[in-house]
Amino acid sequence: MTRQYSHKRGKAHSIRPVYKLSPPWVTYTPEEVISLIIKMANEGLTPSQIGIKLRDEYGIPLQKQITGKTITEILRENNIIPKVPHDLDNLIKKAQRLKEHLKVHKKDGKNVRSLELVEARIHRLSRYYKEKGFLDKSWKYKAEIAQLE
């Protein structure tokens, strides 16, 4: 697969081996893992942060092998999922940081272009989430693409 905005090939990466069973060293039951996920979500952690914390602190490499569900599925079942998905929220925060930078540095053409790319990504991802029903159909991101002066 190629890169989205450049004409280069993507990076090579390893693929996780398919292993459906829970690893033998994990002693947690599915109910314990679900309660850990709910507790961490109530503390305000995103699903990716929850997965990292489960891996590093609790020794659970992949919780889906234990519970049979992803972290977002567990959060959705317990009505803890945020209104805006965390990857879209991260892109919106990145666009905000770029806008703040461009207020100070008006002639920074490279970051004007990166803001355009980030906002295009936001629109594409929001369209996907609207189709899948994760976002409200009336949700809209207001693009304020900076102009060079």
Side-chain angles (χ1 to χ4, degrees), residues 1-102 104 108 110-145:
M1 183 166 260
T2 61
R3 292 254 190 237
Q4 191 166 10
Y5 294 114
S6 67
H7 302 291
K8 299 176 186 173
R9 300 282 180 221
K11 291 183 180 179
H13 61 278
S14 62
I15 296 173
R16 183 184 303 139
V18 178
Y19 190 68
K20 303 279 185 195
L21 302 174
S22 176
W25 66 85
V26 176
T27 58
Y28 292 99
T29 64
E31 294 79 22
E32 291 173 332
V33 174
I34 290 173
S35 65
L36 283 172
I37 291 170
I38 292 171
K39 184 184 84 157
M40 289 182 215
N42 288 332
E43 292 173 358
L45 296 178
T46 64
S48 56
Q49 291 171 329
I50 291 172
I52 290 170
K53 198 167 186 179
L54 285 174
R55 181 195 67 197
D56 294 343
E57 293 182 16
Y58 296 96
I60 301 171
L62 288 173
Q63 60 80 35
K64 187 173 180 179
Q65 293 174 340
I66 299 169
T67 61
K69 302 174 203 165
T70 63
I71 293 175
T72 52
E73 287 173 350
I74 293 169
L75 296 179
R76 195 172 297 117
E77 286 175 357
N78 292 291
N79 296 321
I80 309 173
I81 197 89
K83 292 180 181 173
V84 178
H86 72 282
D87 52 351
L88 184 60
D89 190 43
N90 288 339
L91 283 174
I92 292 170
K93 288 176 185 174
K94 185 174 188 173
Q96 283 301 115
R97 288 192 307 269
L98 280 169
K99 287 175 191 174
E100 292 298 318
H101 172 80
L102 288 171
V104 178
D108 193 355
K110 187 167 179 76
N111 281 325
V112 170
R113 173 73 175 145
S114 67
L115 178 60
E116 290 173 353
L117 297 179
V118 168
E119 288 183 339
R121 235 177 277 142
I122 290 170
H123 290 300
R124 191 178 320 109
L125 196 57
S126 66
R127 191 169 53 239
Y128 168 77
Y129 281 135
K130 285 178 187 177
E131 287 173 3
K132 294 294 181 183
F134 299 135
L135 267 182
D136 193 33
K137 297 285 183 187
S138 62
W139 188 89
K140 183 137 176 107
Y141 173 77
K142 291 193 176 188
E144 298 173 12
I145 297 175

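Just so it is clear, the values below take in all heavy atoms, side chains as well, and ignore hydrogens, waters and symmetry mates.
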- Task: Indicate yes or no: at least one non-hydrogen side-chain atom of Leu75 is less than 4.5 angstrom from one of Pro47.
- Result: yes
- Query: Within a radius of less than 6.0 Å around NZ of Lys130, do more than 12 heavy atoms belonging to other residues, nucleotides or ligands occur?
  - Reply: yes
- Item | Check: Ile74 main-chain N/O paired with Asn78 side-chain donor or acceptor under 3.5 Å | yes
- Query: Are any of the side-chain heavy atoms of Pro82 and Val84 separated by less than 4.5 Å?
  - Reply: no
- Query: Looking at Tyr58 and Lys39, what are the two nearest heavy atoms and their distance?
  - Reply: OH-NZ, 4.0 Å
- Search all heavy atoms of Pro61 against all heavy atoms of Gly59 and return the closest pair with its distance. CD-O, 3.3 Å
- Ionic contact status for Arg113 with Glu116, cut-off 4.0 Å: yes
- Task: Check whether any side-chain heavy atom of Tyr129 sits under 4.5 Å from a side-chain heavy atom of Pro85, and report yes or no.
- Result: yes
- Query: Under 6.0 Å from the NZ atom of Lys137, do we count more than 12 heavy atoms belonging to anything else shown?
  - Reply: yes
- Task: Kindly determine whether Leu98 and Val112 satisfy side-chain contact (heavy atoms from CB on, under 4.5 Å), including the steps that lead there.
- Result: CA-CA 8 Å; Leu98 280 169; Val112 170; over 6 Å; no
- Ser22 and Ile66: which non-hydrogen atoms are nearest, and at how many Å? OG-CG1, 3.5 Å
- Query: Is there a side-chain contact between Tyr128 and Lys132 (heavy atoms, below 4.5 Å)?
  - Reply: yes
- Note: Glu119-Lys142 ion pair, threshold 4.0 Å (strictly below): no
- Is the backbone N or O of Thr29 less than 3.5 Å from a side-chain atom of Glu32, with the two atoms forming a donor-acceptor pair by type? yes
- Item | Criterion side chain to side chain contact (heavy atoms under 4.5 Å, CB included) against Ile38, the qualifying member of Ile50, Val33, Ile80 | Ile80
- Backbone of Thr46 reached by a side-chain donor or acceptor of Gln49 within 3.5 Å: yes
- Euclidean distance, Lys83 NZ relative to Trp139 CH2, rounded to 0.5 Å: 13.5 Å
- Query: Should Lys69 and Glu77 count as an ion pair when the cut-off is N to O under 4.0 Å?
  - Reply: yes
- Any Tyr28 side-chain heavy atom under 4.5 Å of Gln63 side chain: no
- Closest heavy-atom pair, Leu102 versus Asp108, reported as atoms and distance to 0.1 Å, is CD2-O, 3.6 Å
